[in-house]
**Student:** 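Once you've had a glance at the structure underneath, I'll fire off some questions.
In what follows, chains carry the letters A, B, and so on, assigned in the order in which the sequence lines appear, proteins first and then strands, with residues in each chain numbered from 1. Since the structure is predicted, the reported quantities are computational estimates derived from the model, not experimental observations.
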Protein chains: 2
Amino acid sequence: MSLQQQPVKEQRRTRQRAAVDEVLEETEDFISAQDLHAVLRTRGMSVGLATVYRTLQTLADNGQVDVLHTSSGEAAYRRCARDEHHHHLVCRSCKATVEVAGPAVERWTKSVAKEHGYVDVAHTLEIFGLCPRCAAQQ
Amino acid sequence: MSLQQQPVKEQRRTRQRAAVDEVLEETEDFISAQDLHAVLRTRGMSVGLATVYRTLQTLADNGQVDVLHTSSGEAAYRRCARDEHHHHLVCRSCKATVEVAGPAVERWTKSVAKEHGYVDVAHTLEIFGLCPRCAAQQ
DNA sequence: CCTTGTTTTGACAATGGTTGTCAATCTTTA
DNA sequence: TAAAGATTGACAACCATTGTCAAAACAAGG
């Protein structure tokens, strides 16, 4: 997942967007729109579900959060530490996430694409497993 | 996407499953359950939508087809030529697909996971771009 | 080629994540 | 402070996918 430095669309500062930002800031792991909405709700910082979706969508478009599609098809979002292109090692069970960079992989995908004449290339790469903690609990 | 050689669950030969198989056999590119259902319908080989879903699900579970989750979250299926683990270079526009193997990537993901103590590791890697033909049409 | 036990089917309802709608409300800028 | 425009939220709508369950199809044995 890449954090593209697209020109950030100008937006208004609203209570709702601040609330979503705040939760993202505090959340170490990937979180779905629904879950984020639930968190806001339990904190009393109520924000409409549609607004949560829209806000996350915009953040993703601006490259300010990374998006991950879980195996169930649900989208999960995360504010990542590094700005450069990177990937994630995600715990299947608790969602604990490690950011990993793989320059070799980047090069490989580019060369593969070129080899077959594909242009305007992008790729998705995610690694799923059980983190040490969850593995121990089994 | 991997084609695991799980023990293939015994199943009955039915007209419906044969029909789905036939379409998969003829279809070079990834195809969604809905689209496959539409194809069957236009051919007069009508099969219930739920059945199409179930059949594809089973084929995927048995590792007889590869599954790809498009950016819109829709699942697409494809009967691949090679049995070993591999990935796909997919045209964003026409879905033209090239199967690619990347031993180095496999090694890299394993080592990254190990390095962080993650076990029971799997990964998803897909490359998207514009195939030569579609790129030329722009 | 019947019969019986089991699997499979399919029409339809239900689910669940996500997006569209649009009037009311808030931000920004003048 | 007012006008212009962006944003919100409650709710409906969407759409892929799964659950339901009686009817139909299959496999195997007699």
**Student:** Choosing from D:dT17, C:dT18, C:dT7, which nucleotide comes nearest the side chain of A:Ala33?
**Tutor:**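 Nearest listed nucleotide: C:dT18.
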**Student:** Can a side chain N or O of A:Arg17 be found less than 4.0 Å away from OP1 or OP2 on D:dT8?
**Tutor:**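 So the side-chain polar atoms of A:Arg17 do come within 4.0 Å of the phosphate oxygens OP1 or OP2 of D:dT8, strictly under.
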**Student:** Which nucleotide in the set D:dT18, C:dG17, D:dT20 lies at the smallest distance from any side-chain heavy atom of B:Tyr53?
**Tutor:**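 Selected nucleotide: D:dT18.
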**Student:** At 4.0 Å (heavy atoms only), tell me whether A:Thr14 reaches a base, stays on the sugar-phosphate, or touches nothing.
**Tutor:**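 Since only primed, P, OP1 and OP2 atoms lie under 4.0 Å of A:Thr14, the category is sugar-phosphate.
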**Student:** Please determine, for the side chain of B:Arg12, which listed nucleotide (D:dT7, D:dA27, D:dT17) has the closest atom?
**Tutor:**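 Of the candidates, D:dA27 comes closest.
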**Student:** Side-chain N or O of A:Arg54 less than 4.0 angstrom from OP1 or OP2 on C:dT21?
**Tutor:**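 For C:dT21, OP1/OP2 do not have a side-chain N/O of A:Arg54 under 4.0 Å.
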**Student:** Atom CZ of B:Arg41 to atom C1' of C:dG10: distance rounded to whole Å?
**Tutor:**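 These atoms are roughly 11 Å apart.
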**Student:** Pick from A:Thr55, A:Val23, A:Val47: which one makes a side chain to side chain contact (heavy atoms under 4.5 Å, CB included) with A:Leu36?
**Tutor:**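 Result: among A:Thr55, A:Val23, A:Val47, A:Val23 is the only option passing the side chain to side chain contact (heavy atoms under 4.5 Å, CB included) with A:Leu36.
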**Student:** When you get a sec, tell me which of C:dT18, C:dT7, D:dG9 is the closest nucleotide to the side chain of A:Gln16?
**Tutor:**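 The listed nucleotide nearest to A:Gln16's side chain is D:dG9.
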**Student:** Parallel under 30°, tilted from 30 to 60°, perpendicular over 60°: which one fits the rings of A:His123 and A:His87?
**Tutor:**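 If you compare the ring of A:His123 with that of A:His87, the planes turn out tilted.
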**Student:** Given atom NE2 of A:His37 and atom C1' of D:dT8, what is their separation to the nearest angstrom?
**Tutor:**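 My rounded result for the distance is 12 Å.
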**Student:** Rounding to an integer number of Å, can you tell me how far A:His69 NE2 sits from D:dT17 C1'?
**Tutor:**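 Atom NE2 in A:His69 sits about 15 Å away from atom C1' in D:dT17.
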**Student:** Base, sugar-phosphate, or nothing for B:Arg13, non-hydrogen atoms under 4.0 angstrom?
**Tutor:**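 Since only primed, P, OP1 and OP2 atoms lie under 4.0 Å of B:Arg13, the category is sugar-phosphate.
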**Student:** Send over the distance from B:Leu56 CG to D:dA16 P, rounded to a whole Å.
**Tutor:**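 So the two atoms are 14 Å apart, to the nearest Å.
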**Student:** Round to a whole Å and report the spacing from CD of A:Gln11 to P of D:dT7.
**Tutor:**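 After rounding, the gap between these two atoms is 6 Å.
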**Student:** Heavy atoms only: give me the nearest B:Phe30-B:Ala76 pair and the separation to one decimal.
**Tutor:**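 What the structure gives for the nearest pair is CD2-O, 3.5 Å.
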**Student:** May I ask you to decide if A:Ala81's main-chain N or O and A:Glu99's side chain share a donor-acceptor pair within less than 3.5 Å?
**Tutor:**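 Such a contact is found between A:Glu99 side chain and A:Ala81 backbone.
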**Student:** Go nucleotide by nucleotide along DNA chain D from the 5' end; which of B:Gln57 and A:Ala50 gets its closest nucleotide reached first?
**Tutor:**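 The answer here is A:Ala50.
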**Student:** Tell me every residue that passes salt bridge (Lys or Arg N to Asp or Glu O under 4.0 Å) with A:Asp29, counting only those two or more places apart in sequence or in another chain.
**Tutor:**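 A:Asp29 satisfies salt bridge (Lys or Arg N to Asp or Glu O under 4.0 Å) with no other residue.
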**Student:** For A:Leu49 and C:dG16, what is the distance between atoms CG and P respectively, to the nearest whole Å?
**Tutor:**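 The answer, rounded to whole Å, is 14 Å.
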**Student:** What nucleotide among C:dG20, C:dG5, D:dT17 has an atom nearest to a side-chain atom of B:Gln34?
**Tutor:**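 Side chain of B:Gln34 sits closest to D:dT17.
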**Student:** Report the distance from atom CE of B:Met45 to atom C1' of C:dT9, rounded to the nearest whole Å.
**Tutor:**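 It is 16 Å, rounded to the nearest whole Å.
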